[in-house]
Trainee: 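One structure, as C-alpha cells, below. Some questions next.
Given the structure is predicted, the values throughout are model-derived calculations rather than measurements. A note on names: the letters A, B, ... follow the listed sequences, proteins ahead of strands, and every chain is numbered from 1.
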Amino acid sequence: MTTWKSIRCSPAQLRLDVTLCCGQAFRWRRDEPSGEWRTAMKGVVWRLKQEENDIRYRIEMGKDQAKKPLNAESFLRDYFQLDVDLVSLYENWSSRDDTFKRVSSNYSGVRILRQDPVENLFSFICSSNNNIKRIGSMIEKMSQTYGEFLMELDGYKYHDFPLVSKLADERVESQLREMGFGYRAKYINQSAKKILDEHETADWLFSLRKLSHEEARRELLQLPGIGPKVADCICLMSLDKTESIPVDTHVQQIAEKLYGLKGKGKSLTGKLYQDIGGHFRRLFSPYAGWASSVLFVSDLRQLQIQRKRPREQ
DNA sequence: TGCGCGCCTTGAGG
DNA sequence: ACCTCAAGGCGCG
C-alpha cells in the first residue's frame, strides 16, 4: 500500500495548475473536490497535490501491477525536471528582457515537462489546426481505446498511453476517424507504422535525446503529420532540446505585438518562423524554449478564464 | 529552393 | 444560419 509523500518544491518552481493544462501534456485531470491532479503513466496512477512548499504525491497500483519496481520520487523529479532552477531562469530572462519581466509576472512556475517521446509525438500529431480542449478529449479517447487498462479510481478508468504497436494496427485509421480525429487519423497510423518498419522499436524515439536539436528535428520531419512546429514541440518537451522554440499562432502573435516581428503577409513563412526562433534564442538562451513557453501561456485565453474561477465563488 | 495558396476534420464560440 | 478559429501539415504551382 502506498501513502502520501512529499517533495520540497515551491509554487515559484512549479505550478501544477498552469503547467499541467497549458497544452504540453493532455492527460492530466483535476479531481474534485480533492483538488488533486491525476493521470496514468508507467503502469500506475499518479496523484499530485500542490501545497504551500511541497508537491504531495502518491501512486496507486492495480492488483497485478507490482511487476517492475518504480521509484516514484525519482520519476517525478525527472518528469518535472526539478534539477532545473526555474526561479533563477525567470530572474535571468527578466534581467535580459523587460517585456518578459512584465508579462511573466502573472505566470510564475511554468515549467517544461520531460515527457515520454511516444506520448508526446502522437499527442502533437493531433494538435495541428486544433485547440487544447479537443486535443485533450481526443488523446483521452485514444488512450481508453488502445492503452492498457490499469485500474478504476473514484469511478474513473485509467489507461496507460497506447504502445506504438497498437497504433500501427491496420484498423486504427478508420477507427480514429469514427472517433472524430479527422485527417489526423491517417498521420497517427502511418507514423506508428513507419517507426516500427524503419526503426524496429519505439526505443528509437528515446535515442533522439542523444542527437543534436538539428539532427533530431530532421529525423522527426520524416514522419507523416510532423512538420516544423510539431517537430520542435517534441524536441522541446521530450527530447531535452531546451533551445527548441515551437512557433504557433500564439507565439507568432506575441512576436508581432510585443516584439515587433512580422513578415510581409500575415502567414507564417519559413523565414518568419526562423526569425522568431532566432530572436527569442538570442534573448533567452540556453533555455529559450522554456522562456517562450511562458510567453505562450500568457497568450492563452483558456487559462485566463480558469485562473479567475477560484476567486468567483 | 522558397513562398503563397487551397485543402483537410471537427466542434466550440462569436 | 454562418463565420472564424484552434499549439499545422501537405501538395501544388
Side-chain angles (χ1 to χ4, degrees), chain A residues 18-28 107 110-113 115 117 119-142 172-192 194 217-239 241 244-258 262-278 280 288-306:
Chain A
V18 187
T19 301
L20 295 182
C21 60
C22 68
Q24 49 174 326
F26 300 94
R27 294 195 304 132
W28 287 94
Y107 298 93
V110 181
R111 175 177 283 276
I112 296 295
L113 304 171
Q115 299 188 64
E119 173 171 349
N120 192 208
L121 186 151
F122 289 99
S123 296
F124 274 86
I125 286 179
C126 296
S127 74
S128 73
N129 200 17
N130 205 348
N131 58 70
I132 292 176
K133 191 173 175 184
R134 186 158 79 106
I135 299 165
S137 67
M138 285 163 64
I139 301 303
E140 187 65 34
K141 282 182 215 165
M142 199 194 305
V172 166
E173 179 181 343
S174 60
Q175 289 169 345
L176 288 177
R177 272 201 176 267
E178 286 180 31
M179 288 184 243
F181 279 60
Y183 58 87
R184 306 166 192 88
K186 182 188 289 186
Y187 296 150
I188 290 166
N189 189 224
Q190 287 184 344
S191 277
K194 190 164 183 177
R217 192 173 192 269
R218 190 167 55 237
E219 292 291 329
L220 292 171
L221 287 174
Q222 303 304 311
L223 297 172
I226 299 186
K229 189 269 175 181
V230 169
D232 279 333
C233 284
I234 299 165
C235 282
L236 175 65
M237 300 174 191
S238 62
L239 299 180
K241 314 310 178 200
S244 178
I245 298 178
V247 182
D248 72 320
T249 59
H250 294 286
V251 174
Q252 185 188 358
Q253 284 179 39
I254 290 166
E256 180 172 344
K257 282 186 286 191
L258 302 184
K262 52 184 172 186
K264 292 177 181 176
K266 54 184 174 182
S267 69
L268 181 58
T269 63
K271 173 171 164 40
L272 182 57
Y273 190 101
Q274 288 208 341
D275 285 349
I276 293 173
F280 286 147
W290 289 50
S292 67
S293 80
V294 176
L295 297 174
F296 166 80
V297 164
S298 74
D299 199 58
L300 276 185
R301 197 174 57 84
Q302 217 169 315
L303 279 178
Q304 290 162 7
I305 294 168
Q306 278 193 4

Trainee: Show, in sequence, the C-alpha distance, side-chain angles and deciding distance for A:Leu223 and A:Ile125, and conclude whether the side chain to side chain contact (heavy atoms under 4.5 Å, CB included) test is met.
Mentor: CA-CA 10 Å; A:Leu223 297 172; A:Ile125 286 179; over 6 Å; no
Trainee: Measure from the side chain of A:Tyr183, starting at C-beta and using heavy atoms only, and say which of C:dA7, B:dC3, B:dC8 lies closest.
Mentor: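 Comparing C:dA7, B:dC3, B:dC8 against the side chain of A:Tyr183, the answer is B:dC8.
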Trainee: So if I take every side-chain heavy atom of A:Arg134 and compare against B:dT10, C:dA6, B:dG4, which nucleotide ends up nearest?
Mentor: B:dT10
Trainee: Side chain of A:Ser128, heavy atoms from C-beta onward: which of B:dT9, C:dG9, B:dG4 has the nearest atom to it?
Mentor: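 Looking only at heavy atoms from C-beta outward on A:Ser128, the closest nucleotide is C:dG9.
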Trainee: Would you mind classifying the nucleic acid contact of A:Gly23 as base, sugar-phosphate or nothing, using non-hydrogen atoms under 4.0 angstrom?
Mentor: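 Answer is base: heavy atoms of A:Gly23 come under 4.0 Å of a base.
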Trainee: Spell out, as yes or no, whether a donor-acceptor pair under 3.5 Å connects the side chain of A:Arg134 to the backbone of A:Asn131.
Mentor: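 Between the backbone of A:Asn131 and the side chain of A:Arg134 there is no qualifying donor-acceptor contact (under 3.5 Å).
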Trainee: To the closest 0.5 Å, what do you measure between CG (A:Asp232) and CE (A:Met237)?
Mentor: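 The CE atom of A:Met237 is 10.0 Å from CG of A:Asp232, to the nearest 0.5 Å.
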Trainee: Grab the NZ-P distance between A:Lys186 and C:dG9 for me, whole Å please.
Mentor: 17 Å
Trainee: In whole Å, I'd like the distance from the CD1 atom of A:Ile135 to the P atom of C:dG9.
Mentor: 12 Å
Trainee: Using atom CG of A:Asn130 as one end and atom P of B:dG11 as the other, report the distance to the nearest whole Å.
Mentor: 11 Å
Trainee: Kindly point out which of C:dG9, B:dG4, B:dC3 is positioned nearest to the side chain of A:Lys229?
Mentor: C:dG9
Trainee: Scan every strand shown for a Watson-Crick or G-U wobble partner of B:dC3, both distances under 3.5 Å, and answer none if you come up empty.
Mentor: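 By the stated definition (distances under 3.5 Å), C:dG13 pairs with B:dC3.
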Trainee: Atom CZ of A:Phe181 to atom C1' of C:dG9: distance rounded to whole Å?
Mentor: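 Checked: the CZ to C1' distance equals 17 Å.
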Trainee: Can A:Phe124 be classed as stacking with the base of C:dA7, given a centroid separation cut-off of 5.5 Å and a plane angle cut-off of 30°?
Mentor: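 According to the criterion (under 5.5 Å, under 30°), no, A:Phe124 does not stack.
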Trainee: How many whole angstroms separate atom CG of A:Asp248 from atom P of C:dG9?
Mentor: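 In whole Å, C:dG9 P lies 10 Å from A:Asp248 CG.
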Trainee: Would you please confirm or rule out a distance under 4.0 Å between OP1 or OP2 of B:dT9 and any side-chain N or O of A:Arg177?
Mentor: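 So the side-chain polar atoms of A:Arg177 do come within 4.0 Å of the phosphate oxygens OP1 or OP2 of B:dT9, strictly under.
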Trainee: Looking at the base of B:dT9, is there any donor atom on it, or on the side chain of A:Asn129, that sits under 3.5 Å from an acceptor on the other one?
Mentor: yes
Trainee: When rounded to the nearest Å, what value does the distance between P atoms of B:dA12 and C:dG9 take?
Mentor: 24 Å
Trainee: Would you mind pulling out the nucleotide paired to C:dT4, Watson-Crick or G-U wobble, both distances under 3.5 Å?
Mentor: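 Pairing partner, where one exists within any strand: B:dA12.
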Trainee: Walk me through it: do A:Phe26 and A:Glu140 pass the test side chain to side chain contact (heavy atoms under 4.5 Å, CB included)?
Mentor: CA-CA 8 Å; A:Phe26 300 94; A:Glu140 187 65 34; over 6 Å; no
Trainee: Could you state the atom-to-atom distance from OH of A:Tyr273 to P of B:dG4 in whole Å?
Mentor: 17 Å
Trainee: Base, sugar-phosphate alone, or nothing: which one does A:Ile125 contact when heavy atoms must sit under 4.0 Å apart?
Mentor: nothing
Trainee: How far, in whole Å, is C:dA7 from B:dG14 if one measures between their P atoms?
Mentor: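 14 Å, rounded to whole Å.
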Trainee: If you check every side-chain atom of A:Ser267, which of B:dC3, C:dA7, B:dG4 has the closest atom?
Mentor: B:dG4
Trainee: With DNA chain C as reference, determine whether A:Gly225 or A:Ser127 sits nearer its 5' end, using the nearest nucleotide of each.
Mentor: A:Ser127
Trainee: Would A:Trp290 and A:Val294 satisfy side chain to side chain contact (heavy atoms under 4.5 Å, CB included), going step by step from the backbone distance to the final call?
Mentor: CA-CA 7 Å; A:Trp290 289 50; A:Val294 176; over 6 Å; no
Trainee: Contact class for A:Tyr187 (heavy atom, under 4.0 Å): base, sugar-phosphate, or nothing?
Mentor: sugar-phosphate
Trainee: In whole angstrom, give the distance that lies between atom NZ of A:Lys266 and atom P of C:dG8.
Mentor: 16 Å
Trainee: For A:Met179, which contact category applies under a 4.0 Å heavy-atom criterion: base, sugar-phosphate, or nothing?
Mentor: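 A:Met179: no heavy atom of the nucleic acid under 4.0 Å.
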Trainee: Under 3.5 Å, is there a donor-acceptor pair between the side chain of A:Gln252 and the main chain of A:Ile276?
Mentor: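 It does not hold such a pair.
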Trainee: Of the options B:dT9, B:dG11, B:dG13, whose atoms approach the side-chain atoms of A:Lys133 most closely?
Mentor: B:dG13
Trainee: From B:dT9, B:dC3, C:dG8, pick the nucleotide closest to the side chain of A:Arg184?
Mentor: B:dT9
Trainee: Look at the side chain of A:Lys194 and the backbone N and O of A:Gln222, then say whether any donor-acceptor pair between them is shorter than 3.5 Å.
Mentor: yes
Trainee: Taking C:dC3 as the reference, what is the distance to B:dG6 when you measure between their P atoms (whole Å, please)?
Mentor: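 Their P atoms lie roughly 16 Å apart.
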